[in-house]
Amino acid sequence: MIGVIRNGRLVTGDGVIEGDIGFTDGVIDRIGTALGGATIADVDGAWVLPGAIDPHIHISLGGYAITEPLLHDLHQAARAALRGGVTTIGAYAQRTPASTVAEAVEAEIGRAGDGVATDYFINALLIPGDDIEETVARSAAVGVTSFKTMVAYARRGLMLDDASICLLMERAAEVGGVTLVHAENGGAIDYLDAVERNRGVTNASYLRSQPPDLEPEGMNRTALFAALTGGRLHFVHCTSAQGAAMLGNLKDSGASVTAETQIHYLLLTNDEVLERGPLGKVGPPLRDHGHQALLWDALADGRIDHLSSDHSPKSLEVKLSAPNILDATYGGIAGTGVMLPLAFSEGFAKGRLTIERLAEVTSTRAAQIYGIYPQKGVLAEGSDADLVVIAEGRPEVRLTHDNLEPAAGYSLFDSLSTGGTPTLVIRGGSVVLSDGKLVGPENGRYLARYPKA
């Protein structure tokens, strides 16, 4: 298919260009003015951004809930992502009752033929009991080179020991990959959890059990492991001023580290936990208001590299099923559809991010870190024709569960609204969303990431 988007403000790798962008057979081949070819849309001065990339999506695997029931499988998560301008997702695969990590990875790769609405890649998630050597080798053989672990949640059986983390980093480095780390301190969390239980559990107990000072400790410790093993390290969320400061220190020292944060840490506070209890429980916790301006600053200046969503929608019943907040499930965020719209309205429109930095934090930097750049992440000749059109002055949309995930019965974002919802999304040269409606086709590709020779 040959097509042209006309009269846009194109946010390219070389800056903003006012004009047209053309593509043939799903690949951008022309950027300029008065381009020849069939008009897909005249966007009349709207912003045209590279398709957003959300590399942090949690899904059900082969019908298994993993820890607690999730409302989305790969297909449902991809549809939710497209509504917010995300054209590429990175989904986590981990051990299930019926499969090893490597088998779960291979199964999700195979779903491309079932009709996935976005392009996608897979991140392998390892917990105690997984075979690190086999997982890395088999995953790399099918183009998976990002491997997640946690230095938290020991009591839940999810925290790898230090020796295993070092081994994982070493093996990931050997296949040209990256180790993704949830950075806190699991031993300290378990100690503080016990203190709170002895004291008597309230909603504030959760916040006290995972204080922000544990984040930079986990970052510093695992950065040392990465230096010892020659590994490349990516922190899957930065939630605090202390974490942002540590990232600055590590990067200034030359450490091979990068990091993401998520839109809920930039816009919501721990009042959600104090007032709503388990419905506001995400991991790590939401922080108090004083952290937010410093997180925005770190995102703007590059200490934090990009945004993600931690998308993991769960039902109201599941979120409220435990006897207290310390035993309640984590996550439940229906966030992939709001990542870009909120970054546009709260970041760019309010002057916290330039439009060029908006494109970097919602697309370019994730593409670079996860090994899919420049195929993804940039409006440039030779890159995939993944484009998002956002017009300024659009009506505000309230982010209730009805607008995000009706089956959840609640929304973490229901106090927020945005005027940054896309009017048009193109993936692989095809219109896949128009005026808020998914119009297909659902022929997204699995993106294999093999080490370059």
Side-chain angles (χ1 to χ4, degrees), residues 1-54 78-79 81-90 112 115-121 340 344 355-356 358-360 362-368 370-391 420-449:
M1 176 181 178
I2 301 173
V4 180
I5 300 295
R6 302 192 185 278
N7 298 316
R9 286 183 283 177
L10 314 174
V11 187
T12 75
D14 297 320
V16 176
I17 297 173
E18 295 188 10
D20 307 341
I21 184 165
F23 40 88
T24 302
D25 295 332
V27 176
I28 297 169
D29 57 4
R30 294 162 294 152
I31 295 175
T33 56
L35 298 181
T39 299
I40 301 299
D42 184 329
V43 300
D44 192 25
W47 293 104
V48 182
L49 295 152
I53 298 168
D54 185 355
R79 294 179 193 117
L82 270 187
R83 291 188 178 93
V86 173
T87 55
T88 299
I89 62 175
V116 181
T118 62
D119 290 344
Y120 72 99
F121 57 91
L340 175 58
F344 183 91
I355 194 67
E356 294 89 349
L358 177 71
E360 289 175 350
T362 59
S363 188
T364 308
R365 287 298 290 135
Q368 292 167 338
Y370 284 86
I372 55 174
Y373 181 90
Q375 178 184 1
K376 303 291 185 183
V378 64
L379 300 185
E381 292 183 10
S383 297
D384 284 358
D386 298 344
L387 300 83
V388 179
V389 178
I390 301 179
T421 52
T423 57
L424 182 71
V425 178
I426 292 172
R427 179 191 49 75
S430 296
V431 175
V432 289
L433 181 138
S434 180
D435 291 326
K437 296 181 180 179
L438 298 178
V439 294
E442 293 193 342
N443 59 351
R445 298 166 295 166
Y446 164 66
L447 303 173
R449 297 162 292 146

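The side-chain heavy atoms of N7 and D44, taken from C-beta on, include no pair separated by under 4.5 Å. With a 4.5 Å cut-off on side-chain heavy atoms, T362 and V388 do not count as touching. Residues I355 and F344 are in side-chain contact: their nearest non-hydrogen atoms beyond the backbone lie under 4.5 Å apart. With contacts defined as side-chain heavy-atom distances shorter than 4.5 Å, the pair T87/T118 does not qualify. The side-chain heavy atoms of P50 and V378, taken from C-beta on, include no pair separated by under 4.5 Å. Taking 4.5 Å as the limit, some side-chain heavy atom of I5 sits within range of a side-chain heavy atom of F23. Contact check for T88 versus D386: side-chain heavy atoms found under the 4.5 Å cut-off. In this structure, the side chains of I31 and I21 come closer than 4.5 Å at one or more pairs of heavy atoms.
The 12-atom threshold is not exceeded at CG of D14, counting heavy atoms of other residues, nucleotides or ligands nearer than 6.0 Å.
When all heavy atoms of I40 and G3 are compared, the pair lying nearest together is CG1-CA, 3.8 Å. Summarising the geometry of I53 relative to A366, their closest heavy-atom pair is CG2-CB, 4.0 Å, with the distance given to 0.1 Å. For R449 against Y370, the heavy-atom pair with the smallest separation is CD-O, 2.8 Å. For the residue pair A46 and V389, the shortest heavy atom distance occurs at CB-CG1, 3.7 Å. For the residue pair P441 and V431, the shortest heavy atom distance occurs at CD-O, 4.2 Å. Taking each heavy atom of V116 and A78 in turn, the nearest pair found is CG1-CB, 3.7 Å.
Atoms CZ and CG, from R83 and L433 in turn, are 8.0 Å apart once rounded to the nearest 0.5 Å. Distance check: D29 CG to T24 OG1 gives 3.5 Å after rounding to the nearest 0.5 Å. Atom CG in L387 sits 8.0 Å away from atom CG in L10 (nearest 0.5 Å). The CG atom of L447 lies 10.0 Å from the CD1 atom of I89; values are rounded to the nearest 0.5 Å. A distance of 8.0 Å separates OG1 in T423 from CD1 in I390, rounded to the nearest 0.5 Å.
In this structure, S383 contributes its side chain and P374 its backbone to a donor-acceptor pair below 3.5 Å. Side-chain atoms of S363 come within 3.5 Å of backbone atoms of G51 as a donor-acceptor pair (strictly under, hydrogens ignored). Looking only at distances, no side-chain donor or acceptor of R6 sits under 3.5 Å from a matching main-chain atom of D20. The backbone N or O of A117 lies less than 3.5 Å from a partner atom in the side chain of R427, making a donor-acceptor pair. Panel note: side chain T364, backbone G377; a donor-acceptor pair is recorded below 3.5 Å. With R79 contributing its side chain and E442 its backbone, the two residues share no donor-acceptor pair below 3.5 Å.
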Given side-chain contact (heavy atoms from CB on, under 4.5 Å), test R30 with V4 step by step and report yes or no.
CA-CA 9 Å; R30 294 162 294 152; V4 180; 3.9 Å; yes

side-chain contact (heavy atoms from CB on, under 4.5 Å) evaluation trace for Q375 with D119
CA-CA 11 Å; Q375 178 184 1; D119 290 344; 5.6 Å; no

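Taking the six-membered ring for Trp and the full ring otherwise, the centers of Y446 and F121 sit at least 6.0 Å from each other.
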